[in-house]
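None of these values were measured; they are calculated from a predicted model. Convention: sequence-line order gives letters A, B, ...; per-chain numbering from 1.
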2 protein chains.
Amino acid sequence: MSTVSKAISLLELFSVDEPELGLTEIARRSGFDKATTRRLLVSLTQHGFVEQDSETRFYRLGAGLTRLARIREARFPLLQTALPFIRDLAATTAETVHLSEASNGFLLTVHVEHPARANRVNVNVGEYLPLHSTASGIAFLAHAREPVLETAMAEPLAPFTSRTVTDPADLASLIEATRKRGFSISDQGYEEGVISVGAAILGTDGYSIGTLAIAAPVVRTPKAAATERGKAVAAAAREISERLNGESFEALETRAIA
Amino acid sequence: MSTVSKAISLLELFSVDEPELGLTEIARRSGFDKATTRRLLVSLTQHGFVEQDSETRFYRLGAGLTRLARIREARFPLLQTALPFIRDLAATTAETVHLSEASNGFLLTVHVEHPARANRVNVNVGEYLPLHSTASGIAFLAHAREPVLETAMAEPLAPFTSRTVTDPADLASLIEATRKRGFSISDQGYEEGVISVGAAILGTDGYSIGTLAIAAPVVRTPKAAATERGKAVAAAAREISERLNGESFEALETRAIA
DNA sequence: AATAAGAGTTCAAATAATGAACCGATGAAA
DNA sequence: TTTCATCGGTTCATTATTTGAACTCTTATT
């Protein structure tokens, strides 16, 4: 494992639920020696990737990350562009809406809007999503590059619930249906009791750069509601794609095939 | 230089103006060997910190950064909280408004709102701001921890323009005035022809965690206008501090002294 | 006062990083 | 269409950085 990977893996230990950790704890979780861990943390601190609370001595993610993220966002304003749509969907559906971004073959949740009600689906910012078992993942695959798709299909399809689609052929037809329909549905494929709909956001080259999804408890989601939400995310994803690229969604879709 | 620092220094090469760079270019600018540079880039890519355009082969900052930045933001929602205020200030003043975040002794510009007019002050997201010669920096120092303040005063005060305050004693009185007034003024201290006003945003401990500032061309900024803008940023910074910490600004200020 | 637990440090040994020289592809110039 | 230049990417013996067991220091607990 490269030193750089080690350093970055330390950053990955932080999450929304555990945004601050002590040195020993970080060393324990990463499996690195305390001395090593500290040296890495010091390097990261020097560049503002990590901050240390001067009082508690705990470490947390630093502002340098915000800075770089903003530089990226200036080039690919996915979040900025999608935000109003996410808010709108969250308001009209009163369910959890989340935006994920593609990052070399993975999907990273980048923003989440939760409804103000007790029984809701909780999605954490910073979560990685499996591609074969979530609405986002399937929507992503429906517009992914051939090699990305192949890699995803070749992996063992982990069964997260009893309903997870684990047969590659079934997955292929799900993807095909998603492409036709314009949005994907995952009926408890990732988490028991949760139904999600998702749609891909396309980049200039016509391939997915991210996804938009709505997750809701099955108990209050009749089939018709799911379809309606699906149409809504698809419309939003389409609009976001067009704004980002300044081209019609159809033009983008065709580009990917050529 | 540690390997980690080398890797991160590659990330620092990207900016809003140059968001994409080729391998040779990155190697040239960083001063590392091409092989080394590539190895580092590959490591960074594996973690989503860097992406490579599959067509042009150029490298750019990756979505993994957005993800981590969002995790941080969940803990310190500075940007989220400040955004509406920034927009409001930008709308009412029709001048450049920018938010900076403290990151171990430095100030990083994290968001900028530019007015839609030709003659305006351009501030880039991702820029580091000197502490002694900008409105933001002085506002920051006015509420900084003692050691941070001392370090800043001890450094040689670089003269960016003929009007930059380079005498530590003068700087100290500027800081004192800022503390009393509630906002700082930098009259062409950093860039010729630019006048800025700034105010500190305080954290739970009462010390600055960031700054809010308005930058405008001197030619259209009479003294009265500057004072008015100063009061506006101060009010906004105060409100943001209160929202972030759920405490009155006075309570926060007193905490720092104790 | 004794004990424990965490943060941080040291230095010989182990391991990972380095870079000169290489290949192959692409594109511009002769 | 041949030549030259440039760029992305790779190899492997040499070299320099990273590693971790054992240490100290500080703080909180019994």
Smallest heavy-atom separation, Ser241(B) atom then Leu202(B) atom, equals OG-N, 2.9 Å
Heavy atoms of Ser43(B) and Ser2(A) approach each other most closely as OG-OG, 3.2 Å
Starting from [atom2] on [N], measure out to [atom1] on [X] and report it in whole angstrom.
{"X": "Leu40(B)", "N": "dA17(C)", "atom1": "CG", "atom2": "P", "result": "9 Å"}
{"X": "Arg29(B)", "N": "dC7(D)", "atom1": "CZ", "atom2": "P", "result": "12 Å"}
{"X": "Asp53(A)", "N": "dG8(C)", "atom1": "CG", "atom2": "P", "result": "12 Å"}
{"X": "Ile26(B)", "N": "dG8(D)", "atom1": "CD1", "atom2": "C1'", "result": "11 Å"}
{"X": "Phe32(B)", "N": "dA16(D)", "atom1": "CZ", "atom2": "C1'", "result": "14 Å"}
{"X": "Leu41(A)", "N": "dT9(C)", "atom1": "CG", "atom2": "P", "result": "12 Å"}
{"X": "Glu55(B)", "N": "dT26(C)", "atom1": "CD", "atom2": "P", "result": "13 Å"}
{"X": "Arg28(A)", "N": "dG6(C)", "atom1": "CZ", "atom2": "P", "result": "10 Å"}

Per-helix bend value, the helix from dA1(C)-dT30(D) to dA30(C)-dT1(D), C1' rotation axes over five pairs per end, 10° rounding, shows 40°
For [N], take OP1 and OP2 only and decide whether either is under 4.0 Å from a side-chain N or O of [X].
{"X": "Thr36(B)", "N": "dA17(C)", "result": "no"}
{"X": "Arg39(B)", "N": "dT18(C)", "result": "yes"}
{"X": "Thr3(B)", "N": "dT17(D)", "result": "no"}
{"X": "Arg38(B)", "N": "dG9(D)", "result": "yes"}
{"X": "Arg57(B)", "N": "dG9(D)", "result": "yes"}

Flag the pair [X] and [Y] as a salt bridge only when some basic side-chain nitrogen lies within less than 4.0 angstrom of an acidic carboxylate oxygen.
{"X": "Asp53(A)", "Y": "Arg60(A)", "result": "yes"}
{"X": "Arg145(A)", "Y": "Asp205(A)", "result": "yes"}
{"X": "Arg67(A)", "Y": "Glu101(B)", "result": "no"}

DNA chain C nearest-nucleotide lookup for Gly31(B) and Leu21(A): closer to the 5′ end is Leu21(A)
On DNA chain C, more 5' by nearest nucleotide between Leu23(A) and Met1(A) is Leu23(A)
Quick one: [atom1] on [X] to [atom2] on [Y], what's the gap to the nearest 0.5 Å?
{"X": "Ile240(A)", "Y": "Asn245(A)", "atom1": "CD1", "atom2": "CG", "value": "11.5 Å"}
{"X": "Tyr59(A)", "Y": "Gln52(A)", "atom1": "OH", "atom2": "CD", "value": "4.0 Å"}
{"X": "Phe76(B)", "Y": "Ile201(B)", "atom1": "CZ", "atom2": "CD1", "value": "13.5 Å"}
{"X": "Lys6(A)", "Y": "Thr36(A)", "atom1": "NZ", "atom2": "OG1", "value": "7.0 Å"}

Would you mind telling me which of [options] lies closest to the side-chain atoms of [X]?
{"X": "Ser2(A)", "options": "dA7(C), dG8(C), dA17(C)", "answer": "dA17(C)"}
{"X": "Tyr59(A)", "options": "dG8(C), dT18(C), dA7(C)", "answer": "dG8(C)"}
{"X": "Lys6(A)", "options": "dT18(C), dT18(D), dG8(C)", "answer": "dT18(D)"}

More than 12 non-hydrogen atoms from neighbouring residues, nucleotides or ligands closer than 6.0 Å to CZ on Phe106(A), yes or no? no
Under a 4.0 Å heavy-atom criterion, the protein footprint on nucleotides 21-30 of chain D, written with B, S and -, is B---------
